[in-house]
K.L.:
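The following block contains the structure, expressed as structure tokens.
Counting convention: from 1, in listed order, for ligands and their atoms alike.
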Amino acid sequence: MDVQPITPILITGGAGYIGSHLTQVLQQAGYLPLVLDNLSSGQKVSVPAHAKFFEGDMGDQTLIQKIYHDYPFPAVIHLAASIQTGESVQHPLMYYQNNVGRTLQLLMALQHLGIKKILFSSSASVYGEPNTNTPFTENCPASPVSPYGHSKWMLEQILQDLNRAQTIQAICLRYFNVAGAHPTFHTQQHATHLIPIILNAIKHKKPVAVFGNDYDTQDGTCIRDYIHVMDLCDAHLLALEFLLQETHPRSLTFNLGTHRGSSVLDIIKTAEIVTHTKIDIQYSARRTGDPRFLVADSTLARTQLNWTPHRSDPWNIIHDVWTYAPCHL
Ligand code: UFG
């Protein structure tokens, strides 16, 4: 009987929150994950035992060549990035350097090795401030309002240029608000985004700051589209398989969201229900760089990748973080 060789896949940022979930999903699907992470926010303990771990920078061309020499990977999943909207407004250069500068180095290494397939972790923040309350399709014009969103949009455009030059075949996945946890993966979660911030505040009996309650929304707080990290991982697996099979070098973009908007106050109320705890709210000023409404039309991912986000109800997302990741809050 022929034994199929295991396909190695390079995952930059694979020791981070999303990366560590994805690494385990890829491994369970029969791939060999090659995790490249500089541990600036990721944790080595999050890398599963059977994955290969390389501590280093995604811009380190010598290291990438060495990894390729030992494990000739046909595709890269590029997750490594600085990801906090508020921080990006305060430190724009850091965001352009980390996200754009280092990715250029990575792309040069890939070009040198002749690796064309890349799954890129982009963001709903490329859309910016909407004019209506209609969920965004991938064709809506990009107009980011934070350096983080700008950095992701710049990279999407660079990938499109490389695609036109036939150097790269990319799939850009525009994440909406990712949270949640897997029951047995024991991955690390930092309290840098709304849901873990709320649960962390409950755990430490602290108030939750709500950034702005004067937006033009039903309750005055910002609307987001929350997606369970395991639904996001499913989409990556489907997109990777699509990319590996695709021979025509076109560039594709998919929204990964649920078509359902929840306000900051909706999320706080749901967290109160899940945890049976009353949350103390402190209203503060709007955070610069926050669009009022970011909700996905993900019809394209559902039809072209055959993806269904079936765990992404906010109650379920909050429940899973509270139940399966409490020690990391
Ligand atoms: N918020 C608060 N208090 C907090 C933290 C956040 O009110 O302590 C609010 C924010 O102002 C925003 C909402 O909660 O209105 C969500 O904020 P997050 O910081 O959790 O996430 P962002 O919406 O800023 O960004 C995230 C991802 C991006 C992605 C975006 C898409 O980090 O990659 O969701 O919607 F693009």
K.L.:
Before signing off on this row, confirm whether R287 and ligand 1 have an N or O atom pair separated by under 3.5 Å.
P.N.:
yes

K.L.:
State whether a side-chain donor-acceptor pair under 3.5 Å links S263 with D266.
P.N.:
yes

K.L.:
Does a donor on one side chain and an acceptor on the other come within less than 3.5 Å for Y127 and N255?
P.N.:
yes

K.L.:
Nearest protein heavy-atom contact for atom 13 (C) of ligand 1: which residue, which atom, what distance?
P.N.:
V264 CG2, 4.0 Å

K.L.:
Nearest non-hydrogen contact with atom 20 (O) of ligand 1 belongs to which option: D225, V126, V210, L194?
P.N.:
L194

K.L.:
Using the ring pair (Phe, Tyr, Trp, His ring centres under 6.0 Å) criterion, which residues pair with Y215? Sequence neighbours excluded.
P.N.:
none

K.L.:
Among T12, L10, I118, L26, whose side-chain contact (heavy atoms from CB on, under 4.5 Å) with I77 holds?
P.N.:
L26

K.L.:
Which residue, L113, L34, T62, forms the side-chain contact (heavy atoms from CB on, under 4.5 Å) with I67?
P.N.:
L34

K.L.:
Which ligand 1 atoms are under 4.0 Å away from a heavy-atom of I197?
P.N.:
5 (C), 8 (O)

K.L.:
Around atom 36 (F) of ligand 1, find the nearest protein heavy atom and jot down its residue, atom name and distance.
P.N.:
S123 OG, 2.2 Å

K.L.:
List every atom of ligand 1 that sits less than 4.0 Å from any heavy atom of T85, numbering the atoms from 1 in the order shown and giving each element.
P.N.:
22 (P), 24 (O), 25 (O)

K.L.:
With heavy atoms of L294 as the reference, note each atom of ligand 1 found under 4.0 Å away.
P.N.:
31 (C), 35 (O)

K.L.:
Take F136 and H259, measure what ring-ring contact (aromatic ring centres under 6.0 Å, His included) needs, and give me the verdict at the end.
P.N.:
CA-CA 9 Å; F136 287 95; H259 213 287; over 10 Å; no

K.L.:
Under 3.5 Å between any N/O of S125 and any N/O of ligand 1: does that happen in this structure?
P.N.:
no

K.L.:
What residue and heavy atom of the protein are closest to atom 15 (O) of ligand 1, and at what distance?
P.N.:
C222 CB, 3.1 Å

K.L.:
Quick one: do the N99 and S151 side chains pair a donor with an acceptor below 3.5 Å?
P.N.:
yes

K.L.:
Identify the closest protein heavy atom to atom 11 (O) of ligand 1: which residue and atom is it, and at what distance?
P.N.:
D290 OD2, 2.5 Å

K.L.:
Which ligand 1 atoms are under 4.0 Å away from a heavy-atom of I83?
P.N.:
32 (O)

K.L.:
Return the residue, atom name and 0.1 Å-rounded distance of the protein heavy atom closest to atom 23 (O) of ligand 1.
P.N.:
R224 NE, 2.7 Å

K.L.:
Does the side chain of S40 pick up a donor-acceptor pair with the side chain of N38 at under 3.5 Å?
P.N.:
yes

K.L.:
I'd like to know if the side chain of Q105 pairs up with that of Q61 as donor and acceptor (distance under 3.5 Å, no hydrogens or angles considered).
P.N.:
yes

K.L.:
Looking only at protein heavy atoms, which one is nearest to atom 27 (C) of ligand 1, and how far off is it?
P.N.:
H193 NE2, 4.0 Å

K.L.:
In this structure, is the centre-to-centre distance between the rings of Y95 and H91 below 6.0 Å?
P.N.:
no

K.L.:
Give the residue, atom name and distance (to 0.1 Å) of the protein heavy atom nearest atom 16 (C) of ligand 1.
P.N.:
N177 ND2, 3.8 Å

K.L.:
Which of these, Y175, Y148, Y127, has its nearest heavy atom closest to atom 33 (O) of ligand 1?
P.N.:
Y148

K.L.:
How about K117 and Q169: does a side-chain donor come under 3.5 Å of a side-chain acceptor?
P.N.:
yes

K.L.:
Any N or O of A209 that comes nearer than 3.5 Å to an N or O of ligand 1?
P.N.:
yes

K.L.:
To the nearest 0.1 Å, how far is atom 2 (C) of ligand 1 from its closest protein heavy atom, and which atom is that?
P.N.:
F211 CD1, 3.4 Å

K.L.:
Which is it for T221 and ligand 1 at heavy atoms under 4.0 Å: side chain, backbone, both or neither?
P.N.:
neither

